[in-house]
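Residue numbers run from 1 in the order of the sequence given.
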Amino acid sequence: MHAFDVLGDPVRRRILELLADGERAAGAVTEVIRAEFGISQPAVSQHLKVLRDNGFALVRQEGTRRLYAVGHEPLRDVDVWLDRFRRSWTPHLDALATEIARGKRARRLREEEEGDSP
């Protein structure tokens, strides 16, 4: 499965967001996802399996618990793919940041001038 097929599902993206905050037990992930998306435990398990099978999630057994963490390699691959597009939007974002700074500076100068008037 292609990385963007895996990431295209909002449930799987949310699971990754949860795992980005640190390792979580499968039960804890299931509890949050069931509350937010209203899906069954088996459905959450299927999403975890897709993430695991595609390297986005790593799992380790601790007693009877399964602990999940983010698998970083596929995310690096996504980042590399996005990099060729990032090059085109970064200059635009830099220009936007410059214009915002100019606007703030102009507003500050106007406020200072208005504060000096009698």
Backbone of Val50 reached by a side-chain donor or acceptor of Asn54 within 3.5 Å: yes
Pairing residues for Ser45 by the side chain to side chain donor-acceptor pair (under 3.5 Å) criterion, not counting sequence neighbours: Gln41
Same cluster (ILVMFWY, side-chain, under 4.5 Å), Phe85 and Val78: yes
ILVMFWY cluster, Tyr68 and Met1 together (side-chain gap under 4.5 Å):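 Yes.
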List, one per line, each side-chain donor-acceptor pair under 3.5 Å for residues 4-32, sequence neighbours excluded.
residue	atom	partner	partner atom	Å
Asp9	OD1	Val11	N	2.8
Asp9	OD1	Arg12	N	3.2
Arg12	NE	Val6	O	2.9
Arg12	NH1	His47	ND1	3.2
Arg12	NH2	Asp5	O	3.3
Arg13	NH1	Leu7	O	2.9
Arg13	NH1	Gly8	O	3.0
Arg14	NE	Glu36	OE1	2.7
Arg14	NE	Glu36	OE2	3.4
Arg14	NH1	Glu17	OE1	3.4
Arg14	NH2	Glu36	OE2	2.9
Glu23	OE1	Arg60	NH2	2.9
Glu23	OE2	Arg60	NE	2.8
Arg24	NE	Leu18	O	3.3
Thr30	OG1	Ala26	O	2.9

With the side chain counted from C-beta on, respond yes when [X] and [Y] share a heavy-atom pair under 4.5 Å apart, and no when they do not.
X      : Y      : value
Leu75  : Phe56  : yes
Glu112 : Arg108 : yes
Arg65  : Leu67  : yes

Gap separating the NE2 atom of His72 from the CG atom of Asp77, nearest 0.5 angstrom: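 Here the rounded value is 13.0 Å.
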Atom CZ of Arg76 with >12 non-hydrogen neighbours under 6.0 angstrom: yes
List, one per line, each side-chain donor-acceptor pair under 3.5 Å for residues 95-102, sequence neighbours excluded.
residue	atom	partner	partner atom	Å
Thr98	OG1	Asp94	O	3.1
Glu99	OE2	Arg102	NH1	2.7

